[in-house]
Colleague: 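Would you mind keeping the following structure in view while I ask a few things?
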Protein chains: 2
Amino acid sequence: MTVTRKSPTIQDVAREAGVSTATVSRALSTPDRVSQATRERIEAAIAATGYTLNQAARSLRRQRAGTIVMAIPNAGNPYYSSILDSVLAEASSRGYGVLVSNRVQGDPTVWLRDYFQSSRADGLLLFDLTLDIASMRRFMTEHGNLPIVVVGDEMVEPGINLVTSDNREATGRAVEHLVGLGHRNIGFVTGPTMHDYPNERLLGFRQAMGRNGLPLREDWIIPGDHRMDSGYRAGSAFLTLAERPTAMVCANDEMAIGFISRVQQAGLRCPQDVSVIGFDDTDMAQYVSPPLTTMRQKRAELGAISTAALLDIVEGMRDPAKPVRIILRCDLVVRSSTAPLPGAAEAPAPRLRR
Amino acid sequence: MTVTRKSPTIQDVAREAGVSTATVSRALSTPDRVSQATRERIEAAIAATGYTLNQAARSLRRQRAGTIVMAIPNAGNPYYSSILDSVLAEASSRGYGVLVSNRVQGDPTVWLRDYFQSSRADGLLLFDLTLDIASMRRFMTEHGNLPIVVVGDEMVEPGINLVTSDNREATGRAVEHLVGLGHRNIGFVTGPTMHDYPNERLLGFRQAMGRNGLPLREDWIIPGDHRMDSGYRAGSAFLTLAERPTAMVCANDEMAIGFISRVQQAGLRCPQDVSVIGFDDTDMAQYVSPPLTTMRQKRAELGAISTAALLDIVEGMRDPAKPVRIILRCDLVVRSSTAPLPGAAEAPAPRLRR
DNA sequence: CGGCCGCATGTAATCGATTGCATTTATCCG
DNA sequence: CGGATAAATGCAATCGATTACATGCGGCCG
């Protein structure tokens with residue numbers, strides 16, 4: 001029969017087990033406050049009735065939702081997909097649901113209100129730092145001191161929970177990879193300046209160039225916005241340079257791919273004519289041609305670690321006075337878009353015009 | 001003061017507006033059952049107190065969560081990201097949250113239980129048909145007749161709500177695009193056979209080949225699993241063929257990209273030596289080299305339409321006796337990975353070795 | 001043996017919004 | 001003008017789980 005069978009409630013379990021609902025509830029939430037024997041009877045009753053607890057009722061009573069919000073700027077960007085993957089895995093293994101919130105616009109507090117004031121969610125995993133973080137923090141503090149963990153971006157502001165990558169340091173290692181191949185004339189394609197982490201990458205580039213005693217030419221620093229076609233346009237800009245670098249560091253993979261595709265169009269070869277290194281190691285990087293050398297961000301770890309940290313805070317398992325601050329190291333992944341400078345190794349030869 | 005200020009409740013609004021909570025509730029849910037004047041007073045009171053309703057309480061009382069579940073096989077696959085995007089947009093515009101559920105394994109009912117029996121969610125958007133759909137339907141029927149909408153896959157089973165693309169027909173058009181370019185020897189790289197839609201694509205290929213009187217050679221039908229490296233391996237298989245097709249239809253873009261990258265490695269040029277057409281038009285397709293000709297699935301529409309349909313059912317705005325069945329047409333997107341067969345048009349010339 | 005302590009469990013109030021039913025008020029018609 | 005009808009609103013029970021407080025029970029110590 002397809003009659004709508006009502007879900008069993010805690011009452012049904014209590015009746016079945018011959019105890020009060022209070023005891024059943026305790027057996028579920030604080031098992032050590034219930035005697036061994038009763039606990040077993042209750043477990044049997046739960047199995048017999050097929051009971052699962054009603055989240056809405058628990059949330060209402062506990063004033064806690066069992067859900068976190070993951071706010072991302074653009075779910076359409078594949079960069080987030082593997083992060084989403086790991087966030088979901090971590091959250092669901094701890095019994096939490098994940099509400100994904102995409103492309104928030106305007107005043108973030110009106111949107112926070114929807115989720116948090118109405119107790120739909122207990123914490124925020126924030127990937128989008130174009131938002132006004134100060135007002136968000138104020139809002140969250142005023143509404144039950146709900147925690148925020150910022151992921152994947154740098155934050156000057158103190159006291160914020162942060163999980164990110166070592167963007168500056170990793171970009172330095174990208175430069176040094178090129179230096180190790182004999183390159184001295186190295187350019188850079190920047191990311192959008194409204195985020196901090198692309199600026200960190202640029203800073204890392206500048207510092208590494210200085211550290212290695214290399215020429216830092218401003219006309220070799222080409223602005224981009226992380227999208228593929230800005231890399232493509234950067235390629236056009238590169239082609240018009242009177243004197244060109246022999247290697248480029250791109251602030252992310254998409255731009256590196258766009259860049260390469262533009263210079264290939266113009267008949268240049270990568271890596272023979274120009275070495276290119278990207279950043280992130282997105283899924284695409286290994287399949288473009290040539291396969292891209294890049295600094296890998298540990299995206300799965302970013303998701304898992306930040307989620308774990310957020311839930312620890314939500315559950316009060318962490319001293320709120322000590323904000324989380326975790327910086328993951330990126331890994332250099334060498335593929336085929338970088339190669340030794342032709343004729344290097346013995347003497348830094350003058351650049352050849354083909 | 002950073003003291004935790006309690007969220008205003010419907011009581012506060014009622015007091016402020018000088019009415020009962022019942023009236024406030026009605027003003028929110030069924031505004032036409034409340035007089036103009038009172039409604040305005042209540043709206044003012046809501047603004048004054050900063051009230052937002054407590055979802056947990058509403059869910060508990062209404063036995064409805066205000067949330068849907070989106071079940072996908074692999075959030076790490078960028079194919080889903082733009083769908084996710086549109087699902088989120090549609091759901092949130094109607095006041096619903098979206099819980100994303102990734103990579104369900106094993107018996108789906110134990111996982112359904114978590115979400116649905118505990119009234120965490122009101123409906124299911126199902127993208128993953130490797131699951132046992134019959135038992136899922138039974139479960140959902142037994143628990144308050146919760147609706148399922150299957151997205152992006154074919155379903156033989158009748159009575160199921162379905163939103164998908166015209167995979168078979170579109171693959172036929174892909175073949176005819178190649179035929180129009182003069183190709184007669186056409187191969188195919190298949191998708192994983194445990195889903196229905198890749199089989200539909202294969203079937204569409206076979207039918208179109210027959211319809212156009214073209215040779216259908218089984219050794220030109222190369223198995224793949226939709227992942228990029230299976231396309232790469234298909235490229236290797238292609239290279240070992242004694243006699244090769246002049247064009248390939250790949251069951252999705254990833255495999256087309258993998259395929260092209262493999263044959264390019266072997267020194268073949270695309271499209272001069274072999275034309276390749278993909279399926280889906282993922283974000284990557286336009287940026288690889290050569291930019292990929294492909295059949296575009298309207299992914300944003302898939303997400304938006306299926307979500308709208310699901311919510312219509314949830315809200316009882318649709319006759320449950322008439323299941324949804326929407327098939328979206330794919331669009332041919334011509335880029336540079338397909339080209340006229342050299343020497344075609346006048347006479348089907350024998351293939352040239354470079 | 002009496003009193004005290006602590007463990008296990010029960011009682012009942014509570015979280016905040018919804019809604020069936022009752023009540024009041026306004027409207028209309030003969 | 002009386003009474004019937006409809007519209008607006010209020011009253012209070014309810015959804016299901018949690019938890020402060022109360023109770024009962026056994027054991028231990030002086």
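We name chains A, B, ... by the order of the sequence lines, and we start the count at 1 in each one.
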Colleague: What are the bounds, 5' to 3', of the part of DNA chain D that sits under 4.0 Å from heavy atoms of chain A?
Modeller: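 Span of nucleotides near chain A: D/dG16 to D/dA20.
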
Colleague: Looking at CZ of B/Arg39 and CG of B/Leu28, how far apart are the two atoms once the value is rounded to the nearest 0.5 Å?
Modeller: 11.5 Å

Colleague: I need the minimum non-hydrogen distance between A/Val149 and A/Ser306, along with the two atoms involved.
Modeller: CG1-CB, 4.0 Å

Colleague: Verify whether one side chain among B/Asp132 and B/Ser135 offers a donor that lies under 3.5 Å from an acceptor in the other.
Modeller: yes

Colleague: Using the 3.5 Å cut-off, write out each protein N or O paired with an N or O of nucleotides 6-9 of chain C and the distance between them.
Modeller:
from, atom 1, to, atom 2, distance (Å)
C/dT9, OP1, A/Ser35, OG, 3.1
C/dT9, OP1, A/Thr38, OG1, 2.3
C/dT9, OP2, A/Ser35, N, 2.9
C/dT9, OP2, A/Ser35, OG, 3.4
C/dT9, OP2, A/Thr38, OG1, 3.1

Colleague: Please round to 10 degrees the angle between the axis of the first five pairs and the axis of the last five pairs in the helix from C/dC1-D/dG30 to C/dG30-D/dC1.
Modeller: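 The end-segment axes of the helix from C/dC1-D/dG30 to C/dG30-D/dC1 are tilted 40° relative to each other.
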
Colleague: Between atom CD1 of B/Ile68 and atom OH of B/Tyr115, what is the distance when rounded to the nearest 0.5 Å?
Modeller: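 Answer for the CD1-OH pair, B/Ile68 versus B/Tyr115, is 12.5 Å.
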
Colleague: Can you tell me how far apart CG (A/Asp153) and OG1 (A/Thr164) are? Round to the nearest 0.5 Å.
Modeller: 6.5 Å

Colleague: Could you give the distance from CZ (A/Arg299) to CG (A/Leu84), rounded to the nearest 0.5 Å?
Modeller: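 Nearest 0.5 Å value for the CZ-CG distance: 11.5 Å.
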
Colleague: Restricting to ring pair (Phe, Tyr, Trp, His ring centres under 6.0 Å), what partner residues turn up for A/Tyr197, sequence neighbours left out?
Modeller: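 Ring pair (Phe, Tyr, Trp, His ring centres under 6.0 Å) list for A/Tyr197, sorted by chain: A/His195, A/His226.
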
Colleague: For the CZ atom of B/Arg138 and the CD1 atom of B/Ile133, what is their distance to the nearest 0.5 Å?
Modeller: 11.5 Å

Colleague: Hey, can you pull the donor-acceptor pairs under 3.5 Å for the side chains in residues 315-324 of chain B, sequence neighbours left out?
Modeller:
from, atom 1, to, atom 2, distance (Å)
B/Glu315, OE1, B/Arg94, NH2, 3.3
B/Glu315, OE2, B/Tyr96, OH, 3.0
B/Asp319, OD1, B/Ala321, N, 2.9

Colleague: Please work out which residues in residues 58-68 of chain A have a non-hydrogen atom less than 4.0 Å from an atom of DNA chain C and list them by number.
Modeller: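 Within residues 58-68 of chain A, the residues near DNA chain C are A/Leu60, A/Arg61, A/Gln63.
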
Colleague: Pairing donors with acceptors under 3.5 angstrom, does anything connect the side chains of A/Arg62 and A/Ser29?
Modeller: yes

Colleague: Provide the closest heavy-atom pair for B/Val163 versus B/Ile305 in the form atom of the first, atom of the second, distance.
Modeller: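 For B/Val163 and B/Ile305, the tightest heavy-atom pair comes out as CG1-CG2, 4.1 Å.
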
Colleague: To the nearest 0.5 Å, what is the distance between CZ on A/Arg120 and CG on A/Leu99?
Modeller: 6.5 Å

